[in-house]
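These notes are about the structure you will find just below.
Index from 1, following the sequence. Computed from heavy atoms alone, side chains included, the values below leave out hydrogens, waters and symmetry copies.
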Amino acid sequence: MPAIETDGLTKRFGDFVAVDALDLTVEEGEVFGFLGPNGAGKSTTINMLLGFLQPSDGTATVLGHDAAGQSRNVRQRTGLLPEGFELYENLTGREHVVSAIETKNADDDPDAIIDRVGLEPEAARRQAGGYSKGMTQRLALGIALVGSPDLLILDEPSSGLDPKGAKLLRQIVDEEAERGATVFFSSHILGQVEQVCDRVGIMNQGQMVAVDTIDALRDQMQAESTVEAEVSAVPDTDTVAAVNGVRDVAVYGNTLEISCTQPEAKMPALRALDDATDVTDITVEDASLEALFEKYTNGDVPEAESAATPEAAPATGGDAA
Ligand SMILES: Nc1ncnc2c1ncn2[C@@H]1O[C@H](COP(=O)(O)OP(=O)(O)OP(=O)(O)O)[C@@H](O)[C@H]1O
């Protein structure tokens, strides 16, 4: 049974289509990266998966339950780190965790959770009103972990985390996946999900424009890698250009720029060049993930809606349909 299955899932706010006929399957135990620029429809989708928003059309089945009609069952087995988690200023961090444990009828040790997300015990006993953004995110993550949920939904979990916090988050995601949980990780930064996700889906303007592993997406886009080689004397470049996967060889003085449509072509191309002349220095650049992401979300989008994004609409919120 898939952990998440949506069929034509759609959310309209008035005439505006925030999520447009989304068909998505996330398998049990998978770590799925849900990507998209601001306003792509990620939070709206998550809100429908958890029954906070009713779909205008289509269905979502989460952990075997209809998300719209059986949201209580879904939420009982799901841990959510919401975007813009709001804490109760007068409660301590620890009290937040204790309250989450009670709400879920779980038997977790609150101090173990606090320790796991890297909150100092002394800080956890202070009122959460004075927490920094990073501490708030750590607390929100701890609350999401309560009850060892079958599904973890993390909406922009690394926002506000320093590099150490981001590393801890990746480690926790790995541990949760190891335990068998499904992790649905939403972000607008591809680099953040690359290290933890088995597959990613890229949303743009309410539509899913790509779903695959990052490697496969790189291949599909024929994202280019470039080798820049300094040579002692410029040779005939035909043998380098003939290497499978080399698109172009350009010469600038004593520098050759070899553009490869397949990352595996770099080494054979370099060897061919080294056979022809003395290579004195090299730099290699793979297509950046950001460039890849931009390709999918900047105009180059198959079957994208031309609907403009309303300026003043909130990113999350109540059901306006
Ligand atoms: N309650 C609402 N009423 C009207 N429009 C809304 C409402 N909620 C969301 N929208 C609009 O739907 C679109 C998708 O918003 P959503 O918050 O799902 O995007 P997102 O991908 O999560 O973006 P971000 O990365 O900025 O959080 C946006 O244009 C947003 O303004």
Side-chain angles (χ1 to χ4, degrees), residues 1-11 18-37 40-55 57-83 141 144-145 147-158 169-170 172-190 192-204 206-217 220 293 296-297 316:
M1 178 188 74
I4 297 173
E5 193 158 33
T6 72
D7 182 11
L9 189 67
T10 299
K11 184 68 195 178
V19 176
D20 189 1
L22 179 66
D23 295 325
L24 172 68
T25 303
V26 177
E27 296 299 339
E28 224 174 59
E30 192 173 16
V31 181
F32 188 86
F34 192 45
L35 288 154
K42 305 183 297 296
S43 297
T44 304
T45 302
I46 289 173
N47 285 335
M48 286 192 282
L49 295 179
L50 290 167
F52 295 131
L53 279 178
Q54 293 294 309
D57 257 314
T59 58
T61 309
V62 181
L63 301 172
H65 303 288
D66 173 47
Q70 300 170 299
S71 59
R72 196 182 279 258
N73 305 45
V74 172
R75 284 183 230 162
Q76 178 62 26
R77 294 306 313 144
T78 302
L80 170 69
L81 189 164
E83 188 184 29
L141 178 61
L145 294 172
S148 303
D150 297 328
L151 171 65
L152 259 179
I153 296 188
L154 310 176
D155 199 354
E156 302 285 354
S158 37
L169 170 70
R170 287 198 297 272
I172 289 176
V173 167
D174 281 346
E175 288 164 2
E176 289 298 291
E178 188 74 15
R179 176 174 73 72
T182 307
V183 184
F184 192 75
F185 188 122
S186 141
S187 176
H188 59 273
I189 305 173
L190 185 48
Q192 284 173 353
V193 302
E194 190 193 18
Q195 285 148 306
V196 289
C197 293
D198 303 317
R199 282 192 311 151
V200 297
I202 301 180
M203 285 278 277
N204 195 36
Q207 297 190 332
M208 192 62 101
V209 293
V211 186
D212 220 321
T213 63
I214 290 181
D215 280 349
L217 291 183
Q220 278 166 32
F293 185 59
Y296 274 107
T297 55
T316 51

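- Residues V31 and E176 are not in side-chain contact: their nearest non-hydrogen atoms beyond the backbone lie 4.5 Å or more apart.
- Using a 4.5 Å heavy-atom cutoff, the side chains of M48 and L9 are in contact.
- Of all the heavy atoms in L80 and I46, the pair that sits closest is CD1-CG2, 4.2 Å.
- Atom-to-atom distance recorded for T182:OG1 and F32:CZ is 12.0 Å, nearest 0.5 angstrom.
- The side-chain heavy atoms of D23 and M208, taken from C-beta on, include no pair separated by under 4.5 Å.
- Between P149 and A144 the shortest heavy-atom distance is CG-O, 3.4 Å.
- Inter-residue side-chain proximity for D212 and V200 is flagged as unmet; no heavy-atom pair is nearer than 4.5 Å.
- In plain terms, the two heavy atoms of F34 and K42 that are nearest each other are CE2-CA, 3.4 Å.
- Between P37 and M203, the closest heavy-atom pair is CD-O, 3.4 Å.
- Taking OG from S148 and CZ from R77, the interatomic distance works out to 7.5 Å, rounded to the nearest 0.5 Å.
- Inspection of the T10 and D20 side chains reveals no N or O donor paired with an N or O acceptor under 3.5 Å.
- Closest heavy-atom contact between V19 and G41: CG2-O, 3.5 Å.
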Please test T78 against F184 for side chain to side chain contact (heavy atoms under 4.5 Å, CB included), starting from the C-alpha separation and ending with a verdict. CA-CA 10 Å; T78 302; F184 192 75; over 6 Å; no
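- Looking at heavy atoms from C-beta onward, P157 lies out of side-chain contact with L141 at the 4.5 angstrom threshold.
- Side-chain atoms of E28 and M1, non-hydrogen and from C-beta on, do get closer than 4.5 Å to each other.
- By the salt bridge (charged side-chain N to carboxylate O under 4.0 Å, His left out) test, E30 pairs with R199, sequence neighbours left out.
- Side-chain atoms of L35 and V193, non-hydrogen and from C-beta on, do get closer than 4.5 Å to each other.
- The CG atom of L53 lies 10.0 Å from the OG atom of S43; values are rounded to the nearest 0.5 Å.
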For residues 67-74, please give each side-chain donor-acceptor pair under 3.5 Å, one per line with the distance, not counting sequence neighbours.
{"unit_1": "Q70", "atom_1": "OE1", "unit_2": "D66", "atom_2": "N", "d": "2.8"}
{"unit_1": "S71", "atom_1": "OG", "unit_2": "R75", "atom_2": "NH2", "d": "3.3"}

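- Here the side chains of I172 and L145 are in contact, with some heavy-atom distance below 4.5 Å.
- How far CG of L154 is from CG of L169: 6.5 Å, rounded to the nearest 0.5 Å.
- Distance check: T45 OG1 to D155 CG gives 10.0 Å after rounding to the nearest 0.5 Å.
- Between the CG atom in L81 and the CG atom in L152 there is a gap of 9.0 Å [rounded to 0.5 Å].
- Counting all heavy atoms, side chain and backbone alike, L49 lies closest to V62 at O-CG2, 3.5 Å.
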